[in-house]
Amino acid sequence: MTHRAQRVLVTGATSGIGSACARAFHRAGWQVVVTGRRQERLDDLRAELGCSTLCFDVRDFAATEAALADQGVFDVVLNNAGLSRGLEPIWQGSLDDWNEMLDTNVKGLLHVTRVLLPGMVEAGFGHVINIGSIAGHEAYPNGAVYCASKHAVLAITQSMRKDTCGTGVKVSTVDPGLVHTEFSLVRFHGDQERADSTYDGMTPLRGEDVAATVLWVAEAPAHVNVAEVLLLPNDQASAGIVARKGK
Ligand code: NDP
Ligand code: 8X3
C-alpha cells in the first residue's frame, strides 16, 4: 500500500511562528500549503520548501473562499495568521487597531474555518489547530482588545471541539507566551526599539519551539487529541510575571 503524504495549510506563514511551522511540517514529510499577504515572502518560502502558496487577506471572506474553496480536504488546518496592534489603556485605544485585531484574529480564523471545515466533517477526518495565546487565558493591562480576541479564539476552539465531536475531526489550540517574532514590531507599528524591549533580560520562545509543539499535536495518534497546550518560556509564569535579569 502506498502511503499518502499528509497535507497541512499554514495561515500567516510569511513570518514567525507560521514560517517555523511550515518548515517543521516540510521536514517531517508533509505537503505544505502556506498563506499570507506578502507575495515576495511566499515566493521565498516556495523556493525554499517547494510548497504551494496562496496570497490573500484572511479578513476578506470572499478572497478567503476564492483561495481555499478548491483546495480539497487538509489533514491539518493551522489557523495561525494574527497580530496585535497597540498596548495602551482602553480609553486611548485606536479604533483602527481594534478593528484590525478583531477582524484578523477572530473573523479571519472563522473565515478560514468556515470554508474548510465542512469538507473535513464530510470526509470524517482532519484537524483544526488554532494558535491562541496566554492572552486568551489572562487579560493583562493595556491589552484589552488583543486579549479579548484571544479569549474569543479559545471559546471558538472549545465550542468547535464540541460541535465536531463524533465526526472524526479534531480541534486543538496551542497557546504560547512570549515568542520572539515580528509580533512586537507589528504591535508597536514598526518601533524596533520598543519591540526589542519586550524581551529585555529574558529568553523568549522561538518560532521553532512553537512549531515543534504544533507538529507533536498534529502527529498524535488518530484516537488521541492534544486539545489545549499552554506553552511558556521558562522565564515566564503568567502574562505579567516575567523574570528579567538585571531587573
Ligand atoms: P508575526 O508578525 O511574525 O507573523 C504573523 C503572520 O500573520 C504573518 O505571516 C502575517 O503575514 C500573517 N497575517 C497577519 N495579518 C494577516 C491577514 N490579515 N491575512 C493573512 N495573514 C495575515 O507574528 P507571530 O508569528 O508571533 O504570530 C503568529 C500567531 O501567533 C498570531 O496569531 C499571534 O497572535 C500568535 N501569538 C504570538 C505570540 C508571540 O509572542 N509572538 C504569542 C502567542 C500567540 P502577512 O503580513 O504576509 O499577511
Ligand atoms: C502574544 C503574547 O503576552 O504579548 O500573544 O500577549 S503576549
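Model, not experiment: these values are computed from the prediction. Indexing begins at 1, ligand by ligand and atom by atom, following the structure's order. These values consider heavy atoms only, across backbone and side chains, with no hydrogens, waters or symmetry-generated copies. We're numbering straight along the sequence, starting at 1.
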Margin query: Between Thr173 and Asp175, is there a side-chain donor-acceptor contact under 3.5 Å, judged purely by atom types and distance?
Written below: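 There is such a pair between these side chains.
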Margin query: Assess, by modelled atom type and distance only, whether the side chains of Gln6 and Glu219 contain a donor and an acceptor separated by less than 3.5 Å.
Written below: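 No, because no side-chain N or O of Gln6 sits under 3.5 Å from a partner of the opposite role on Glu219.
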Check [X] against ligand 1 and report side chain, backbone, both or neither, counting heavy atoms closer than 4.0 Å.
{"X": "Pro204", "value": "neither"}
{"X": "His180", "value": "neither"}
{"X": "Tyr146", "value": "side chain"}
{"X": "Thr104", "value": "side chain"}

Checklist line | Note: Glu182-Arg41 ion pair, threshold 4.0 Å (strictly below) | finding: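 Yes.
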Option among [options] that satisfies the side-chain contact (heavy atoms from CB on, under 4.5 Å) test with [X]:
{"X": "Val77", "options": "Ile129, Val112, Thr113", "result": "Val112"}
{"X": "His127", "options": "Asp75, Asn225, Val226, Val171", "result": "Asn225"}
{"X": "Val145", "options": "Asp97, Leu95, Leu102", "result": "Leu102"}

Return the closest protein heavy atom for [atom] as residue, atom name and distance.
{"atom": "atom 26 (O) of ligand 1", "answer": "Thr181 OG1, 2.6 Å"}
{"atom": "atom 42 (C) of ligand 1", "answer": "Gly177 O, 3.0 Å"}
{"atom": "atom 40 (O) of ligand 1", "answer": "Val179 N, 2.9 Å"}
{"atom": "atom 2 (C) of ligand 2", "answer": "Ser133 OG, 3.8 Å"}
{"atom": "atom 21 (N) of ligand 1", "answer": "Ala81 CB, 3.6 Å"}
{"atom": "atom 19 (N) of ligand 1", "answer": "Val58 N, 3.0 Å"}
{"atom": "atom 48 (O) of ligand 1", "answer": "Arg37 NE, 2.6 Å"}
{"atom": "atom 18 (N) of ligand 1", "answer": "Asp57 OD1, 2.8 Å"}
{"atom": "atom 6 (C) of ligand 1", "answer": "Gly12 O, 3.6 Å"}

Notebook entry, point to check: With no hydrogens and no angle check, is any side-chain donor or acceptor of Thr198 less than 3.5 Å from a backbone partner on Ala195?
Noted result: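 Here the side-chain-to-backbone pair exists.
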Note to self: Show the nearest heavy-atom pair for residues Arg194 and Leu87, with the distance to one decimal.
What the structure shows: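 So the minimum-distance heavy-atom pair works out to NH2-O, 3.6 Å.
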Next item on the list: Mark the output for Gly108 as yes if a heavy-atom distance to ligand 1 is under 4.0 Å, and as no if none is.
Entry: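 It does not, in that no heavy atom of Gly108 comes within the 4.0 Å cut-off of ligand 1.
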Next item on the list: For Gly132 and ligand 1, answer yes if some heavy atom of the residue is under 4.0 Å from a ligand atom, otherwise no.
Entry: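 The answer is yes: ligand 1 sits under 4.0 Å from a heavy atom of Gly132.
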Could you tell me whether some N/O pair between [X] and ligand 1 is separated by less than 3.5 angstrom?
{"X": "Ser133", "answer": "no"}
{"X": "Ile17", "answer": "yes"}
{"X": "Ser15", "answer": "yes"}
{"X": "Asn105", "answer": "no"}

Heavy atoms from other residues, nucleotides or ligands near [atom1] of [X] exceed 12 (cutoff 6.0 Å):
{"X": "Glu40", "atom1": "CD", "result": "no"}
{"X": "Arg114", "atom1": "CZ", "result": "no"}
{"X": "Gln39", "atom1": "CD", "result": "yes"}

Item checked: Contacting atoms of ligand 2, where contact means under 4.0 angstrom from a heavy atom of Ala135 ->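 With Ala135 as reference, the close atoms of ligand 2 come out as 6 (O).
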Check: Looking at Tyr146, which atoms of ligand 2 are within less than 4.0 Å of one of its heavy atoms?
Finding: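 In order of numbering, the contacting atoms are 1 (C), 5 (O), 6 (O).
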Could you list the atoms of ligand 1 found under 4.0 angstrom from a heavy atom of [X]?
{"X": "Leu178", "answer": "40 (O)"}
{"X": "Thr14", "answer": "8 (C), 9 (O), 10 (C), 11 (O), 45 (P), 47 (O)"}
{"X": "Ala13", "answer": "9 (O)"}

Notebook entry, point to check: Has ligand 2 got any nitrogen or oxygen that is less than 3.5 angstrom from a nitrogen or oxygen of Tyr140?
Noted result: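 Looking only at distances, the answer is yes, because the N/O contact criterion of under 3.5 Å is met.
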Check: Can you tell me how far the CD atom of Glu48 sits from the OG atom of Ser19, to the nearest 0.5 Å?
Finding: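 Reported to 0.5 Å precision, the distance equals 8.5 Å.
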Note to self: Less than 4.5 Å apart, side chain to side chain, heavy atoms only: is that true for Phe125 and Thr167?
What the structure shows: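 Answer no - side chains too far apart.
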Check: Does the side chain of Leu109 come within less than 4.5 Å of Asn130's, by heavy atoms?
Finding: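 Contact flag for Asn130/Leu109 side chains = yes.
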Checklist line | Sub-4.0 Å heavy-atom approach of Arg187 to ligand 2 | finding: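 Arg187: in contact with ligand 2 (<4.0 Å).
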